Structures are given as structure tokens and as C-alpha cells.
Amino acid sequence: MWDKKWVIGNWKMNGRLQNNNALMHRFRIMPTADRVVIGLAAPTVYLLQLHNAMQIVLNNRILTCAQDVSRFPNNGAYTGEVSADMMADIGVDIVLIGHSERSLYFGEKNEIQRQKMVNVLNVGLTPLLCVGESLEEREAGREQEVIAHQLSILEGLDTKNIAVAYEPVWAIGTGKVATTGQIADMHAFIHKQILSLCGNDVNIRILYGGSVNAGNAADIFAVPYVDGALVGGASLSYDSFTAIIDAAQES
Ligand code: PGA
């Protein structure tokens, strides 16, 4: 897993039982992609459906990913929350943490993200930490400082496996993709930061996210230190998502 490209789809608040099922059945004909770890992050309410479909229809060729998790562990009086333990219970593999839409609409910052990371690791799941700067921060030349601050929550975690998605906020859902130069600079920076925070002996995956599609995926995968993609809009269609998987397989 830690030497392959990752292509993780993030459905965000999209999907319905029937459509999800139809999509899962289409994935049965997907060509083999043995050099790619494929995952889909569905809304929490559909995770069990997805996981069952992965097992029964797809022989676990696609990992079940969650878009978020409670900052509270185990069980308790936290109305509306779903714990990492519950996600492990139903067969989730990877949990996104700190997506910029979580900080934008729900005010999540480092402290909450750190609690979530710890909870996810404690139940043996893989956290995928999302980081990214706003347009304002990039225009002010502060992008590395911002990302370094976001990455600081990785320090001292009890794991040798670190997965991060770099998603410039201004490139998410906007059709604007960072240039390959911008991606190269930031991914090299993130790689260096992870080594200094977590030690030289960690496994690292750094995914790029933000308007990745069938047309630009191959160029993005060719950039040094790009170990995959976190794909929003283009993961909702079988054709575009599998084209991105093909590009990862060929890269
Ligand atoms: P997008 O979303 O591919 O639709 O830009 C990416 C993400 O937010 O993970």
C-alpha cells in the first residue's frame, strides 16, 4: 500500500442507495490496476452499503473510506457523532481528516484534527490528513508557513505510516489546478516536513487534490513526490474516475 499510487474518490455530500449500487456494479468491469490503491469516501450513512458492495461485488478491490470522524473516541453522549471505533467495526479502511470544507464550514482547526488522528490510529485505521492554503495565503506568499502549521499535528503520532493530501483551497471544485511547478514545490516541501516531524523511517504518501480529472491526471502523477490523487467531482462518474485510476497505473 505504501509503495503504490493512491486514487481516493471523495463523494462529499453526494450519492443515493440506488446510484451507489449501480456505480459499484460498474466497477466490476474495471481493468486491473495492481499499482494503485483505490478508495472511495462516501457519506457516513452509505459506508456500510459501500463496504458490503466492495466485499461482495468487488472482492475488496476498492477500499472503504470515510470523509470525517468524531473527535470523541469509542462511545458516549455525543448526539449525531460517529466514532473511529464504529468505523473500524463496519470495515472502513481510511479516514479523511481536516478536509478544508471541514475547517471552512465547521471551524475545525489543528487541535480537533489531532484528536481525530489519534482516535483513527488507535483503532488501527489509516488517517489521510488534508492540508492546503487559501488563495489569499498563497498570494501573500505564506503557503509554506500555512502548510507547515497544518502538518505540525503529525509530530509525535504513534505511527510509521503518514498519508497527506495537499489540496490548495483555491483549486477545490473550481476547475483551477495548481501548476505542476506549484505542485512539485509543495510536495517536496511536505515530504521534507514529514521527515523532520516523524523521522526518516516513515512510509509516506502525498496525494494531490483540487480539480483532478481525466485530462490532467497523467501530468499531475508525473510530478515528483506526487503519490496519488484525492478526487472530488471526477469521482462521481465511473468513466472519469477510472480514467484517473488508469493514469495512476500507467505513471
Ligand atoms: P475536486 O475536490 O476534485 O472536486 O476539486 C477535491 C477535494 O475536495 O477533495
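As the structure is a computational prediction, the values presented were derived from the model and not from experiment. We count ligands from 1, going down the list as the structure has it; atoms in each ligand are counted the same way.
Note: the hydrophobic cluster containing Leu125 does not contain Ile112 (ILVMFWY, side chain heavy atoms under 4.5 Å, direct or indirect links).
Of all atoms in ligand 1, numbered sequentially from 1 with element shown, those under 4.0 Å from a heavy atom of Gly233 are 1 (P), 3 (O), 4 (O). In the vicinity of Leu230, heavy-atom distances shorter than 4.0 Å reach the ligand 1 atoms 9 (O). Under a 4.0 Å criterion applied to the non-hydrogen atoms of Asn10, ligand 1 contributes the atoms 9 (O).
For Ser211, the closest heavy-atom approach to ligand 1 falls below 4.0 Å. Heavy-atom separations between Ala171 and ligand 1 include at least one value shorter than 4.0 Å.
Of the polar atoms of Gly210, none of the N or O atoms is found under 3.5 Å from an N or O of ligand 1, judged by distance alone. On a distance-only criterion, His99 and ligand 1 share at least one N/O pair closer than 3.5 Å. By the 3.5 Å distance cut-off applied to N or O atoms, Glu101 is not counted among the residues near ligand 1. Between Val231 and ligand 1, a contact under 3.5 Å exists for no N or O pair.
For atom 9 (O) of ligand 1, the nearest non-hydrogen atom of the protein is Glu167 OE2, 2.6 Å. If you check which protein heavy atom lies closest to atom 3 (O) of ligand 1, you get Gly232 N, 2.8 Å.
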*Test Asn161 against Met1 for side-chain contact (heavy atoms from CB on, under 4.5 Å), laying out the working first.*
CA-CA 10 Å; Asn161 299 320; Met1 178 169 180; over 6 Å; no
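For Glu108 and Lys116, the salt-bridge test passes: some basic side-chain N is under 4.0 Å from an acidic carboxylate O.
The backbone N or O of Pro168 sits nowhere less than 3.5 Å from a side-chain atom of Arg138 that would complete a donor-acceptor pair. The closest donor-acceptor contact from the side chain of Asn216 to the backbone of Asn213 lies under 3.5 Å. His25 places a side-chain N or O within donor-acceptor distance of the main-chain N or O of Asn21, the cut-off being under 3.5 Å.
Looking at Ser134 and Glu137, their side chains do bring a donor and an acceptor atom within 3.5 Å of each other.
Atom CG of Asp201 sits in a crowded spot, with more than 12 heavy atoms from other residues, nucleotides or ligands closer than 6.0 Å.
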